[in-house]
Number of protein chains: 2
Amino acid sequence: MNQTVTRAIRGNFFDLTGCASRPEEIADRVRYIEDGALLLEEGRIVWLGPWQAAQARLPAGTPVEDYRGKLIVPGFIDTHIHYPQTEMVGAYGEQLLEWLKSYTFPTEAQYHCPTHSAEMSRFFIRQLLANGTTTALVFGTVHPQSVEALFTEADAHQMRLIAGKVMMDRNAPEGLLEDADTSYQQTRELIRRWHGRGRLGYALTPRFVPTSSPELLTAVRRLREEFPDTWVHTHLSENSDEVAWVRALYPDHAHYLGVYHDYGLTGKKSVFAHCLHLDEHEWACMAHTGSSIAFCPTSNLFLGSGLFRLKKAWEMQVRVGIGSDIGAGTTFSILSTLGEAYKVGQLQQYRLSAFEAFYHATLGGARALHLEEKIGNFEPGKEADFVVLDSQATPLQRLRAANSGTLAEKLFVLMTLGDDRNIHATWVNGAPVYRAGE
Amino acid sequence: MNQTVTRAIRGNFFDLTGCASRPEEIADRVRYIEDGALLLEEGRIVWLGPWQAAQARLPAGTPVEDYRGKLIVPGFIDTHIHYPQTEMVGAYGEQLLEWLKSYTFPTEAQYHCPTHSAEMSRFFIRQLLANGTTTALVFGTVHPQSVEALFTEADAHQMRLIAGKVMMDRNAPEGLLEDADTSYQQTRELIRRWHGRGRLGYALTPRFVPTSSPELLTAVRRLREEFPDTWVHTHLSENSDEVAWVRALYPDHAHYLGVYHDYGLTGKKSVFAHCLHLDEHEWACMAHTGSSIAFCPTSNLFLGSGLFRLKKAWEMQVRVGIGSDIGAGTTFSILSTLGEAYKVGQLQQYRLSAFEAFYHATLGGARALHLEEKIGNFEPGKEADFVVLDSQATPLQRLRAANSGTLAEKLFVLMTLGDDRNIHATWVNGAPVYRAGE
């Protein structure tokens, strides 16, 4: 072995060792190592196993981070979030289209200012890390400077983060619109500057069909053809009025997803947020193009958009990640988001197990982003992004911990009662980037 | 005036000054006093007004509690909660009937032990106070000692708390069953010991129809006739399977509520938790008997029971309070519970305003318990139960506070992002019973 161990992490480790094609398979992928050691070579994982067995592999003097008694899991992956909406979380009383008009667009208008963008990027990245989220797929605003600021901040923490500036040329306030050519040029410039720099990636980010003219969608297609390695990140079928609006705007396409598909925007590395009202044809199109879905339970409840059909996604073999969807979502915490995902399941007689929930938040999310070769679990060679969880952060959690025997129970209590207080530390690329209380 | 001011509380005060028969009226009942003073004579409210105007009423040397900058609201009222289920919050994977069998009954069996009951009562009351809840309507277990312990602890804090031992004589494990006569005798004894002692009240607590024989329901009716001043506290129409079961058990009654009604258990001071699947006849019966409903959003989502129709309750003029329903509910926090109530509304196109939400949690809840003459707002003569809220307990809340102008916005952010961290202090009967960090 040419590998040098530069650091060891000691604690209890939980991850899912492989992908699943049915939820029933997930329990077979569970790995749990009580008093284990995760060995790193700089930002990479070299080995995971029992602490006792690790000793022989540790060169004298290797620094050991001692998290005994804590539960260490792969860093959480948030597959849909708007960083410029952080400051408007919990805006009252509207469903999607009015909510955009009343709250979102005025807030996003502020991101023409690089100073504001930089300040909010710092706040946003700190919130991600404080909630154990190490990778996110992020909407900026229409302003290139919004994404400049965000990438700069994420790069400073060596995060694997994917983002893009919004592309939109109609049905929004004048100051937030651009023409298709400008959108193309600015996006192209951002891709060249940021895509593949450090661990960063770029996502072509048309807001959604209603704010996209045929010319704009043509520009997005052109970019995707020029940069086939980039992601596509947009919204799909969140709200019934939105679906009807798309039908009126694009009557010649088979359905809502058909608009994206006809412009070449479905496929691997295309992530569609929400997907609440898909018809059978759209589900089939999601499946055969290999497109992914971001399931955003707190947002779907908060805006009254509807209930995501996780069972259907499994049946159709469509990749699914979890999204906080800040600011329509109500929490940065992926733990809390999983708790709400459970409730969405319960309302449809679908039992979301803790193992399945954590799968979606880690390896499944990585798979939805086609990053499962790089992140999502503790396989040797992967990048060392992980979260140290304190499962007894509140009096009620301490009481529950005394009554929870199995790993599945402990994880379920974490997602039902958990929040940012359960994040003891967050590590990105082999280095600590957040420690509670600091 | 014969009143003596023994203490003054300084801060920003919000309450609702009167009851409403339509949600639109609630905004007219809002009272907000920036830099106000609440004057107390021991446990009673004497006066509320601007701090400046209060000076003249303050005898020299009156102690002043300085909460400047904090928001002070009437103590929260939780109209449905099971104290013995505290230790099983977040039990995975079942809907109502299986959940009772798998988790609830084994947990409740432990409350035959007075020591366990006393320990859990201490924990439970502390959780209520740490979450700003000053009044609750509480299920014990079938064991009289469970209620003894709870009343003892609540009395030590001078809380206005209503509770009762569960009455059940079938369809539960042997060790939790009793016969109707024993149930009658034990309940009667508890009523005589506790009902009206200090601020305590007793609720006749048949678990629900499926665990009640005709003999048991007859015993409950007899107690209600003997003690017309007690409450009735039970479950109604939470889950579709439960509704079908009741129909099979009591085929001669018009509907589920009809069983309670025919045994004389509807009426003023009867509180029915859930009420998710009522038919028109049941709604009419709720209304004309003056019965009340406890709306338990986190529980209804967690067990996948269904969506409560708040709009219908207003139309039918049925009194509604908020219930955490620990342990099927997932939080003690009435703030978080209101946030989930909003989501339940959104899924039905009902916009729950912050003012309406806080109404249900304070004066509306008091009215649901027929306690609106004693608690629920800051009217002179009422008992001094209140919560001091810190609306900036987390970084995200601080950011949002900078962007929230109106009182309604501030309250809405509190219910959307808030939890126990927002409870700065809780006062009961004119005395501090909880201070954050102590």
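Chain letters run A, B, ... following the sequence lines, proteins first, then strands; residues in each count from 1. All values reported here derive from a predicted model rather than from experimental measurement.
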Aromatic plane relationship, A:Y342 with B:Y92 - under 30° parallel, 30 to 60° tilted, over 60° perpendicular
tilted
Does NZ belonging to B:K311 count more than 12 external heavy atoms closer than 6.0 Å?
no
Proximal component of [X], with respect to chain B [non-hydrogen, under 4.5 Å]:
X: A:E87; value: both
X: A:L417; value: side chain
X: A:Q349; value: both
X: A:T107; value: neither
X: A:T298; value: both
X: A:M120; value: side chain

Just give me the residue among B:T416, B:L301, B:L307 that pairs up with chain A most often, heavy atom to heavy atom, under 4.5 Å.
B:L301
Specify which of B:V413, B:D419, B:T394 makes the most heavy-atom pairs with chain A at under 4.5 Å.
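So the answer, after comparing B:V413, B:D419, B:T394, is B:D419.
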Quick one: CG on B:L396 to CZ on A:R126, what's the gap to the nearest 0.5 Å?
13.5 Å
Specify the closest pair of heavy atoms between A:P395 and B:Q127, including all atoms of both residues, with the distance to one decimal.
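Heavy atoms only, the tightest pair is CB-NE2, 3.6 Å.
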State, yes or no, whether a side-chain contact exists between [X] and [Y] at a heavy-atom distance under 4.5 Å.
X: A:R400; Y: B:T86; answer: no
X: A:E340; Y: B:K343; answer: yes
X: A:M88; Y: B:L399; answer: no

Salt bridge (Lys or Arg N to Asp or Glu O under 4.0 Å) involving A:R351 - partner list, sequence neighbours excluded:
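In terms of salt bridge (Lys or Arg N to Asp or Glu O under 4.0 Å), with neighbours along the sequence ignored, A:R351 is linked to B:E94.
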Look only at the side chain of A:Q346 and the backbone of B:F302, and say whether a donor-acceptor pair between them is shorter than 3.5 Å.
yes
Listed by residue number, which members of residues 324-332 of chain B have a heavy atom under 4.5 Å from any heavy atom of chain A?
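Contacts with chain A: B:T330, B:F332.
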